[in-house]
Every structure is written in structure tokens, then in C-alpha cells.
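What follows is a set of notes on a single structure, which appears directly below.
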Amino acid sequence: MGRLVHFLSLLFFLLFVVSSAASSGNQSICGPLPPIVPIPIFLSDVDLLQFALNLEHTECEFFLFGALGHGLDAVAPDLAMGGPPPIGAKKANLDNVTRKIIEEFGYQEVGHLRAIKSTVGGIPRPQLDLSAKNFAKIMDDAFGYHLNPPFDPYNNTINYLLASYVIPYMGLVAYVGANPNLNGFVSKRLLGGLLAVEAAQDAIIRAKLYDRMHQNVPPYRITVAEFTDQISNLRNKLAKCGVKDEGLLVPQQLGAEGKITTNIISADKNSLGYERIPAEVLRVVYGSGDEPITCVQH
Ligand SMILES: *[C@@H]1O[C@H](CO)[C@@H](O)[C@H](O)[C@H]1NC(C)=O
Ligand SMILES: *[C@@H]1O[C@H](CO)[C@@H](O)[C@H](O)[C@H]1NC(C)=O
Ligand SMILES: *[C@@H]1O[C@H](CO)[C@@H](O)[C@H](O)[C@H]1NC(C)=O
């Protein structure tokens, strides 16, 4: 009953808004309703949003270089704010469809950098190591032995997708993790917009890998699914906060509703996106385990 009253009052409120708009000759309501707390950005929002720039810069350079052979310095140099160019990034040997998708992702990251920097100010581009050697080391860590020949993310579409597999995902979990601590209505709007696109990028990459899940990644006798599982396991191990990163094939209890072992989207037991706080993200990104062990578990 209480719910019905609540629903009806919301309905009347909306009707009132619509009719007052109609009487002014403009039928369309655009934009959100006024915020309850009319503070656009809290001081405490700034660090959380600026932290995301580390991930956004990484994605931006990896995607732009992968698709085009050049990065932010050629596309929107001001956004680098004088930070050094990435080490070892280069054009990947991609099929045409994937190349277009990755090019779009790269431009989207330029937009994300602009949105964050123009809303809460920015940090210069950090020094990024996007060399094949660095990715090879990550893959060796994931498998616990040296892949021979070393993994090269730029060699072909499948390798590039595997290298990309965790990049928007890191942004996704970081944004979910930042959400409870953001308070300003402008900050929250920004975060919602960033999260939506990072999640979409992650889903597209996973869907392309899912289609080839059972294929070997040449020249290795290792399937695409095994790669994703090992990379996700490594991240869970580094972050030290339980399972928050799932590959394309999972034990059934980790699948949606505990009913399925294929896992095109990585999500928790209620199929909500996992969250990571900055300390967890740093432990994963630097692979060092040096960050103090703090986790967020709601
Ligand atoms: C109607 O009003 C909204 C603001 O309430 C405005 O953003 C929108 O552009 C207007 N639409 C037209 C067609 O004038
Ligand atoms: C891919 O694009 C290049 C350059 O536009 C073109 O020469 C080539 O034929 C395309 N390949 C396929 C398989 O469509
Ligand atoms: C590079 O890609 C080609 C074509 O997919 C593959 O045959 C070759 O084994 C790959 N080499 C490495 C080191 O990934």
C-alpha cells in the first residue's frame, strides 16, 4: 500500500512537470530533475575522479596506437598536459573490423580525459610502459612460466584483444568502487557516463573473445578461455581481495545465478559489477603488492 502511494505521488509529480512544460509550449523535458543536494562537486570527489585518469590515459594510448600507430600527442596533445609519451606502444596487426572498433574506443578515451580534466582538473599523463615486453611479462606472471615465443600484444587481433581484455574492465570496477564515495551531482553524472562506456567496451572485447573461446592462441597450445582465466586469476591474486575478476569459463558457482559455466560478463553473485578501491587497482596495475592491503566488500 505504502508503495502504491509512493508510486502514485511520483506519477502525479511527473504529470505536473509534463503539464507545466506543455503549458509553456515545450513538451520535452530534458536533463535530470534538480538534485536534492545542490553541490556539483565535493572536494573529496576530485581525487577519486583524478585517480581514474591513470586508467583512462592507459586505455587512450593503447587503443589509439593499436588502431592508428599514433597516440594522444597526435590527436589531442593538450590533454597530455606535458606528461611523457608512452614507451613501446605501436600499431597492432588488426583485422579491419576490430581496428575500427579500437579506433573508436581510442577516441572515446580522449573524450573521457577531456571530460574528467575539464570537470575536476587533471594530472599530466603518467609514464606508461606499453611495450610488448611488458605485456609478455604480465602473461608470464599469469601462467607462472615463460611463454615461448614471448606473448606479443601487437602481433594479431586475438593477442590484442587478450591484452585489452582487462583494460576497460579495470576502469569499470574502479568506477563502481568510487561510486559510494562520490557526492556531488556533477561528479556522479560524470562517473555514470564513464562507467557506461567502459562497461560497453569491456563487453565488446569479451564478446569478441567469447566467440573464439575454444580456439588456440597461435603459436601456443592454450585456448582463448584459458588465457582469460589465467589473467583474471592473476589480477585476483595481486589485488588480494577475493574474486572480482572472472574469465570466460568459470566454476558453476561463479556463473550467473550459479547455473552456468560460460561467463561472457564478469559480475558478482547478483550479477552486479564488482568494485575495486584505488588501493586494489594500484596493486593490480603495478603488480607489486606494495600497496597497503585494504579491500572494499559491501
Ligand atoms: C525545451 O526546454 C528544455 C529545457 O527545459 C530545452 O533544453 C530544450 O532545448 C527545449 N526544446 C525545444 C524544442 O525548445
Ligand atoms: C582492410 O582495409 C584495407 C585498407 O583500407 C584494404 O586494403 C583491405 O582490402 C581491407 N581488407 C579486408 C579483408 O576487407
Ligand atoms: C603472430 O600471429 C600469427 C598469425 O596469427 C601467428 O601465426 C604467429 O604464431 C604469431 N606469433 C606470435 C609470437 O604471437
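When a ligand or atom number is given, it counts from 1 through the structure's own listing order.
Applying the salt bridge (charged side-chain N to carboxylate O under 4.0 Å, His left out) rule to pairs touching residues 59-88 yields Glu61-Arg125, Asp73-Arg125, sequence neighbours excluded.
Interface of Asn159 with ligand 3, defined as ligand atoms under 4.0 Å from a residue heavy atom, comprises 14 (O). Contact atoms of ligand 3 toward Pro149: 13 (C) (distance under 4.0 Å to a heavy atom of the residue).
Side chains of Asp95 and Thr98: a donor on one and an acceptor on the other come within 3.5 Å.
For Ser164 (side chain) and Tyr160 (main-chain N/O), a donor-acceptor pair under 3.5 Å exists by modelled atom type. Of the possible donor and acceptor atoms, none in the side chain of Lys188 sits under 3.5 Å from a partner among the backbone N and O of Asn179. In this structure, the side chain of Arg276 does not engage the main chain of Val281 through any donor-acceptor pair within 3.5 Å. One N or O on the side chain of Tyr220 and one on the backbone of Pro149 form a donor-acceptor pair closer than 3.5 Å.
Protein heavy atom closest to atom 14 (O) of ligand 3, with residue, atom name and distance, is Asn155 ND2, 2.9 Å. Protein heavy atom nearest atom 5 (O) of ligand 3, with residue, atom name and distance: Asn156 ND2, 3.2 Å. Atom 9 (O) of ligand 3 has its closest protein heavy atom at Pro219 CD, 3.3 Å. Of the protein's heavy atoms, Pro218 CB, 4.3 Å lies nearest to atom 7 (O) of ligand 3.
For the pair Asp152 and ligand 3, no heavy-atom separation below 4.0 Å is found.
With atom 6 (C) of ligand 2 as the reference point, the heavy atom nearest to it among Asp95, Leu94, Asn96 is part of Asn96.
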